[in-house]
There are 2 protein chains.
Amino acid sequence: MSKQLVVLNTDAVACCEPLAQAALDVSQAESLAPMFKALGDPIRLRLLSMITSAEGGEACVCDMTPQFDVSGPTISHHLKVLREAGLIEGDRRGTWIWYRPMPAALGALAAVLAVSQPALV
Amino acid sequence: MSKQLVVLNTDAVACCEPLAQAALDVSQAESLAPMFKALGDPIRLRLLSMITSAEGGEACVCDMTPQFDVSGPTISHHLKVLREAGLIEGDRRGTWIWYRPMPAALGALAAVLAVSQPALV
DNA sequence: TCCTTGTCTAGATGTTCTTCTAATCAGCCG
DNA sequence: CGGCTGATTAGAAGAACATCTAGACAAGGA
């Protein structure tokens, strides 16, 4: 129940030039869109930002859940969406489950959005 | 019929540090999520990439519509979603309507996703 | 003026998403 | 072993979304 994630991303991570330089083809768009869709919810965006900015590079579900007004299973569902989009990965360590970001996937999304000349920075 | 778009973005464009540096607060997440959601559909992603990469910095609806398998009104609907997310803007010029990207909004999204030290790569 | 072409709006329909409660699975400790 | 806490899965209900057809509006040419 967690295999198809890999498939999606291997494509997408290796994917694309900035939008400003070349139009995406159909398959590139279909690889990238699910990742953007996963970011298209405020709860998931906050979860991802908590995970990405956490000290040590990973965050425990137990620390994140109390910061939201929704139920535990709902948080679990959103984490699963992020996981299946290839943006994060998690593993159990003893009692708790820890999530960390997948920098390559995030980097790919950022690269696609990059305004033409990042080199100038 | 094109005023409320501006409202959303003024916030969001000025928004946020990279995810890796600080967790988003609730209002930042709620400003950014609709933009990512707008990108979360392959058709909209292709439309945006056509507009952004078009010569002259803008693209005519008449050139984009034939490249998709869906009806004209469906394309129009997706352009409206991108418009209301503040990612593009359009205006009629004679018979045709031309769309152009809003670089500040795209830049804001890219900045949020930016992985902290791309320099290390 | 009327007709044609390009684009958008309105309304309907089937699908997908978000969230909940209830139940299940995994690890820890007495 | 038995019970406890943490997290996920299952299933259901309601909201939101993508798409279509039909109709309306705008601009240009005969």
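Note: hydrogens, waters and symmetry copies are ignored here, and every other heavy atom, side chains too, is used. Computed from a prediction, not measured in an experiment: that's the story for all the values here. Below, chains carry the letters A, B, ... as their sequence lines are ordered, and counting in each starts from 1.
Between the side chain of B:Arg46 and the main chain of B:Phe68, no donor-acceptor pair closer than 3.5 Å is present. Side-chain N or O atoms of B:Gln67 include none that pairs as donor or acceptor with a backbone N or O of B:Met64 at under 3.5 Å. Using modelled atom types, no side-chain atom of A:Glu58 and backbone atom of A:Ala54 make a donor-acceptor pair closer than 3.5 Å. With hydrogens and angles disregarded, no donor-acceptor distance shorter than 3.5 Å links the side chain of A:Ser76 to the backbone of A:Gly72.
A:Ile97 is listed as a side-chain neighbour of A:Arg92, based on a closest heavy-atom distance under 4.5 Å.
Nearest to the side-chain atoms of B:Arg83 among the listed nucleotides C:dC8, D:dT21, D:dA7 stands C:dC8. In this structure, the nucleotide among C:dG6, C:dT18, D:dC20 sitting nearest to the side chain of B:Thr95 is C:dG6. Among the nucleotides C:dA26, C:dC8, D:dT19, the one closest to the side chain of B:Pro73 is C:dC8. Of the candidate nucleotides C:dC20, C:dC8, C:dG27, C:dC20 has the atom lying nearest to any side-chain atom of A:Ser71. With D:dT9, D:dT19, C:dG6 as the candidates, the nucleotide lying closest to the side chain of B:Thr74 is D:dT19.
A:Tyr99 has no side-chain polar atom (N or O) that falls below the 4.0 Å cut-off from OP1 or OP2 of D:dA7.
The nearest whole Å value for the distance from the NZ atom in B:Lys37 to the P atom in D:dA16 is 9 Å. Atoms CZ (A:Arg93) and P (C:dA26) sit 19 Å apart, rounded to a whole Å. Between the P atom of C:dC8 and the NE2 atom of B:His78 lies a distance of 13 Å, rounded to the nearest Å.
Sequence neighbours left out, the pairs with a member in residues 55-88 of chain A that pass disulfide bond (SG atoms under 2.5 Å apart) are A:Cys60-A:Cys62.
If you check residues 55-62 of chain A against DNA chain C, you find no residue with a heavy atom closer than 4.0 Å. Contacts with DNA chain D (heavy atom under 4.0 Å) in residues 38-49 of chain A: none are found.
Judged by closest nucleotide on DNA chain C, A:His77 is the one of A:Gly94 and A:His77 placed further toward the 5' end. Where B:Gly72 and A:Gly72 meet DNA chain C, the nucleotide closest to each residue was compared, and B:Gly72 sits on the side nearer the 5' end.
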